[in-house]
Q: 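Pasting in a structure now, in C-alpha cells, and then I'll have a few things to ask.
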Protein chains: 4
Amino acid sequence: MKTAQTAQTDAAQVRAGVRAGVKVRTKAKRMPREVRERQMLDAAVEIFARRGYAAASMDEIAELAGASKPLVYLYLNSKEDLFSACIRRESEALVTAVRSAVDPEASPDGRLWSGLLGFFAHTAAHPDAWAVLHCQARTHGEPFTSAVCAMRQEIIDVVTQLITATAREACAAEPAEPAEREISGLAHALVGAAESLAAWANTRGDAAPSEKETAATLMNLVWAGLGNLMNGRCWSATRP
Amino acid sequence: MKTAQTAQTDAAQVRAGVRAGVKVRTKAKRMPREVRERQMLDAAVEIFARRGYAAASMDEIAELAGASKPLVYLYLNSKEDLFSACIRRESEALVTAVRSAVDPEASPDGRLWSGLLGFFAHTAAHPDAWAVLHCQARTHGEPFTSAVCAMRQEIIDVVTQLITATAREACAAEPAEPAEREISGLAHALVGAAESLAAWANTRGDAAPSEKETAATLMNLVWAGLGNLMNGRCWSATRP
Amino acid sequence: MKTAQTAQTDAAQVRAGVRAGVKVRTKAKRMPREVRERQMLDAAVEIFARRGYAAASMDEIAELAGASKPLVYLYLNSKEDLFSACIRRESEALVTAVRSAVDPEASPDGRLWSGLLGFFAHTAAHPDAWAVLHCQARTHGEPFTSAVCAMRQEIIDVVTQLITATAREACAAEPAEPAEREISGLAHALVGAAESLAAWANTRGDAAPSEKETAATLMNLVWAGLGNLMNGRCWSATRP
Amino acid sequence: MKTAQTAQTDAAQVRAGVRAGVKVRTKAKRMPREVRERQMLDAAVEIFARRGYAAASMDEIAELAGASKPLVYLYLNSKEDLFSACIRRESEALVTAVRSAVDPEASPDGRLWSGLLGFFAHTAAHPDAWAVLHCQARTHGEPFTSAVCAMRQEIIDVVTQLITATAREACAAEPAEPAEREISGLAHALVGAAESLAAWANTRGDAAPSEKETAATLMNLVWAGLGNLMNGRCWSATRP
DNA sequence: TATGAATGAGACTTCATTCAT
DNA sequence: AATGAATGAAGTCTCATTCAT
C-alpha cells in the first residue's frame, strides 16, 4: 500500500504541474503495469465516489491516474470492468479489515465492539471506497450488485458469529438461544445500521465523529436489546 | 395520492397503447397543466429510481409521461429542476405519511412503534420514491444536495422526535438528554437497520416475516438501548 | 426520384458552400423527415461506395447529407442500420430496373438482351449503388450478406426464366432440355459474369464502355454456348 | 508454398498454445527475419480477408503472427505497406500457379481449359489470398490501387492470353482479333462467372458438382461464343 | 532480435436542450 | 397547449503508431 500511496502522490504532483501549464518532464513515464494499475484503481475509486458511476468520466479518471485513456482501457478493459475491479479490491480490503479487527481474546461484547470499531475505522479511513461500495455499487445493474452482496454476506457472517457467541455466553445458564432466523435478522439489522451510520459519519465532513464515537453510538443502541433478547425478554407491541 | 395513482394508471394505458402500435386517439392531448405535471413527476420518479439521476434520460421520461420533450421542458425547465421537483414532492409525501401515522394517544414507545410502522408502510408502498430520496438524492452535487438536505432533515427529524419523546418520558425525572448529534446518529442507524431488515425479509420468499414481525424485531433490538441511553446508562468499552 | 435528385443537388450546393467557408444561410433547415432521410441515404451510398463500410465515417455522411450527426442517428439508428437501409433501397431499385427492362414481346434472345441491357444501364447509372451492393455488402457480416443474397436470388430467378424460355423455343422440335441443375448453374454463371462486367465497366472512368457495348460483350460470349447447350452439343474436355 | 504452409502451421500451433494458456516456450523467439516475415504475411492475409482492410487490426495480425506489434512495424513499416506486401506476394503466387498450369502442348481450348483449372484450383486452395486480391484490394484508395493494379492486370493478362491464343488458332486464316478492351471485358466476365459458379457449387452441399464439372459447365457456356468472336461472328441485337 | 509501455486522433453514439410551427 | 425537427457537446472505446529498453 505504501508504494501505491507514494505513486499516487507523484501522480498528483504531476497533475498539478500539468494543470498549471508547466510542462512537467517528471511525467513519471514507463512504470510497471502493476503500479499503474493501482494508480488507476485509486483514481477510479475517487472519481466514482465523487461523481457516481454514470456521471464519472473515463477522461477524468485517466487524468487523475496520470495516464492516458487508452492505457486505462488496455489495462482495465471497460468502464464496467474498471468499476468491478474497484468493488473487488475495496470489498476485500474492507472484509479483511473487519476480520482482523476482531480481538479473539476479548469478552463477547468486546469482540463485537472491536469488530464495529474496525468497520468504522476502515470506512472512515477510506470514505471514497465506502461511498463506492455503499452508494454506487448497489444502485447499478447486475455485475456489481452481486459482487457487493457477496462482500456484505461475508460481513454478516462475521457479525452473526459475534452475536451468537455473545448470546451463548450471556446466558450460559439457560440458553434461551433464539431461533436461527431471528439471529439472522438481527445481524442484518445490525449491519444495516452500521452501514448507514458509516455513510452518515462520512458525510459530516466538518464535525465527523470519531470511529470510536460512532461505534459507541451503535453499541449503546443495540447492546441492551441484544442482552434482553438472549434472556428471552421481548418488547411487545401490546405491552403498554 | 389517489389522484396521482389514477393519473399514473392513465399514463400507463397510453403508453401500452403506443407500444402496441395502436394509434391511440386517447393520447389525451390538451389536458390541464396540473395533470400533465403530475404525470411527468410520476414518470420522472420511476425513471430516476430505475436508472439513477445521471443515467436517466429525458427522452425516456417524456415518453413514459406520454408527453413530448419540449413540453417537459416548458413545465419543468431542466433535468435538474425536474429532479428537485421530484424530491420536493416525495419528501413531503413521506413526511406527511409518517406524521399522520403516529398515534398521539399512545405511550412513548407505542408512538415510536406506530411512526416506524408508518414509515415502513410508506416506503414499501412507494419504493421508487424512497429510492430517489435515499439513494439518488444524496449522491449528486450541489444543486440537489441543498434541495434535498432540508427535506431529508425533516424526515430524520420526525424519527428524532419520536426517539426524543420516548426518552423524555422514560426518564422524566432527570432528562439526561443526549447531544443532538448522537440522536441524529441514532436515527440514521435506525433507518439503516430498518432498510436492511426489509431487504432481508424480502429475499426470504418461503418464510418471509410479516411487516409487523420485522418491525418487532427492530424494536426488540433497539428499544432497550434507547431507554438506557435516555437514562444516561451507557455501554462502555472498558466495562468487561 | 426526381425529388430526391433535386434535394441531393441542393445538399451538394450547401456543402460546396460550407466547404468553401461561406456561411451559407441556405442551410435548408427544417425539411420533412422523408426528404431528409432520402438525402441521408443518398449521402451514405456515396460515402460507403467511396470509402468502404468500415472506413466510412458517420461524420462525413452527415456532412454530405447536410445534416448533423445526431439527426442521422435519430432517423437511422446506427451505422449498421444505415447500411442495411442503403442495401434495401438499392437492391429494390436494381431488381425493379431489371424486371421492368425485359421486353415481354421480344424473341427469346431479345428478352435476355433487354434484361442485360437494363442491368447494365442501371448499374452504370448508379455506380455507387452498385459498388455498395457488389463490393461492400458481400464482404461484411450477416445482416448485410443475406439482404444482398435475397436480391441476387431474385435476379437469378429472372435470368433462369429467360434462359429456360430461350431453351424451350430454341429447340422446340426436340426439347433436349438440360437438367434443372445445369440451368441453375448457367444462370449463376451468367449473373456472375454480368456482375463482374458491370464492376469492371464502372471502374474504367475514362473510357467506360456504354451499357450496350457491355451487354453485347456478354451476349457474344454466352449466346452461342447457350444455343449449343440447348441442342445437346457440349464441349468436352477430352474432345481434342 | 510448402515452406509457407509449414510456417503457417507453426504459427497456428504457437497460437493454440497461447490460447490454451500453456506458456509455450516454443514461442519461438529469435527466428530468422525471413521466417518471421512470412508468418506475418500469412497472418495478415488471413485477417485482411476475414475483416477487410479497414476493419483489420494490427493487434490481431501481430497476435496471429505470434510476434509483438513493434516487430511487425520494424519489418513491414505500416499497415499500408503490409497490405501491399500481401498483395504482391499473393499476386505472384497466383500468376505463377496459373502459368504453370497451362499445358503448352495442348490444343487451344485445351490450354484455356487447363489454365482455368489451374486458376480455380489455386483460388480454391487459397481463398483468403483470393479474397484479398479480388475483394479488398480493389476497393481501397490510392496507395493500394496502384500497388494492386499492375498485379491484377497480370492475372487478367494470363487469362487474356489464353483466350487470345484460343482465338488466334481457331481462325488462323483471318484473325479478326477483337479490340483489347473487349478481351479484357471477356476476361472479367469469365472470372466473374467462374466465381459465381464456384460459390453456387459450394452451397449445394448434397449434390455439389465436382470441380471439373463446374469448369465444364463454364466451358460449355463460353467456348462456342469465344470461337465465334474470334471468327468475327457476333450476336447482334437486331438479328431476330 | 524483440517487446512492454504509452498515446494522439478519431470512431460511433447519446443526451440535454432549443427553435419554429 | 403541444410538437416535429434539429444540434453542440460530451462520452466510451479502438487503432495505428512510437519510445525506451
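In this text the structure is predicted, and so the values were computed from the model without any measurement. No hydrogens, no waters, no symmetry mates; every other heavy atom, side chains included, goes into these values. Chain identifiers are assigned alphabetically (A, B, ...) following the order of the sequence lines, protein sequences preceding nucleic acid strands; residue numbering begins at 1 within each chain.
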Q: Using the test salt bridge (charged side-chain N to carboxylate O under 4.0 Å, His left out), find all partners of Lys69(B) that sit at least two apart in sequence or belong to another chain.
A: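 Lys69(B) satisfies salt bridge (charged side-chain N to carboxylate O under 4.0 Å, His left out) with Asp59(B) once adjacent residues are dropped.
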
Q: Restricting to ring-ring contact (aromatic ring centres under 6.0 Å, His included), what partner residues turn up for Phe144(A), sequence neighbours left out?
A: Tyr53(A), Phe83(A)

Q: Any side-chain N or O of Arg36(C) below 4.0 angstrom from OP1/OP2 of dA6(F)?
A: yes

Q: Checking Ala147(C) now: which residues fulfil side chain to side chain contact (heavy atoms under 4.5 Å, CB included) with it, not counting sequence neighbours?
A: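 Counting only residues at least two positions away or on another chain, Ala147(C) forms a side chain to side chain contact (heavy atoms under 4.5 Å, CB included) with Ile87(C).
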
Q: Along nucleotides 10-15 of chain F, 5' to 3', which nucleotides get a B, which get an S, and which get a -, given that the test is a protein heavy-atom distance under 4.0 Å?
A: --BBBB

Q: Roughly how many Å is it from CZ in Arg30(C) to C1' in dA5(F), rounded to a whole number?
A: 5 Å

Q: Flag the pair Leu64(A) / Met40(A) as yes when at least one side-chain heavy-atom distance between them is below 4.5 Å, and no otherwise.
A: no

Q: Could you tell me the separation between the CG atom of Leu82(C) and the P atom of dA11(E), rounded to a whole number of Å?
A: 15 Å

Q: Kindly write out the residues that satisfy side chain to side chain contact (heavy atoms under 4.5 Å, CB included) with Ala44(A), not counting sequence neighbours, or none if the list is empty.
A: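 Side chain to side chain contact (heavy atoms under 4.5 Å, CB included) check on Ala44(A) returns Phe48(A), Ile61(A), Leu82(A), Cys86(A).
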
Q: Without decimals, in angstroms, what is the distance between Glu37(C) CD and dA6(F) C1'?
A: 15 Å

Q: What is the separation between atom CE on Met31(C) and atom P on dT7(F), rounded to the nearest whole Å?
A: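 In whole Å, dT7(F) P and Met31(C) CE are 11 Å from each other.
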
Q: Map Leu71(B) and Tyr75(C) onto DNA chain F by nearest heavy atom, then report which one ends up closer to the 5' terminus.
A: Leu71(B)

Q: If the condition is side-chain hydrogen bond (donor to acceptor under 3.5 Å, both in side chains), which residues does Arg88(A) pass it with, not counting sequence neighbours?
A: none

Q: Rounded off to whole Å, could you give me the CZ-to-P distance for the Phe83(B) and dT17(E) pair?
A: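 It is 14 Å, rounded to the nearest whole Å.
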
Q: Using Watson-Crick pairs (N1 to N3, plus N6-O4 or O6-N4) and G-U wobble pairs, both distances under 3.5 Å, which stems of at least 3 pairs involve DNA chain E?
A: E:2-21 with F:2-21

Q: Over all strands shown, is Arg33(A) touching base, sugar-phosphate only, or nothing at heavy-atom distances under 4.0 angstrom?
A: sugar-phosphate

Q: Would you kindly give the CD1-to-P distance between Ile47(B) and dC15(E), to the nearest whole Å?
A: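 That distance rounds to 12 Å.
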
Q: Taking side-chain hydrogen bond (donor to acceptor under 3.5 Å, both in side chains) as the test, write out the residues that go with Glu34(B), two or more places apart.
A: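 Scan of Glu34(B) (side-chain hydrogen bond (donor to acceptor under 3.5 Å, both in side chains), adjacent residues dropped) gives none.
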
Q: Between Glu37(C) and Leu76(C), is there a side-chain heavy-atom distance shorter than 4.5 Å?
A: yes

Q: Report the nucleotide, chosen from dA2(F), dA6(E), dA2(E), that has the shortest atom-to-atom distance to any side-chain atom of Ser68(A).
A: dA6(E)

Q: Can you tell me how far C1' of dA16(F) sits from CG of Leu74(A), to the nearest Å?
A: 14 Å

Q: Checking Glu60(D) now: which residues fulfil salt bridge (charged side-chain N to carboxylate O under 4.0 Å, His left out) with it, not counting sequence neighbours?
A: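 Glu60(D): salt bridge (charged side-chain N to carboxylate O under 4.0 Å, His left out) contacts with Arg51(D).
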
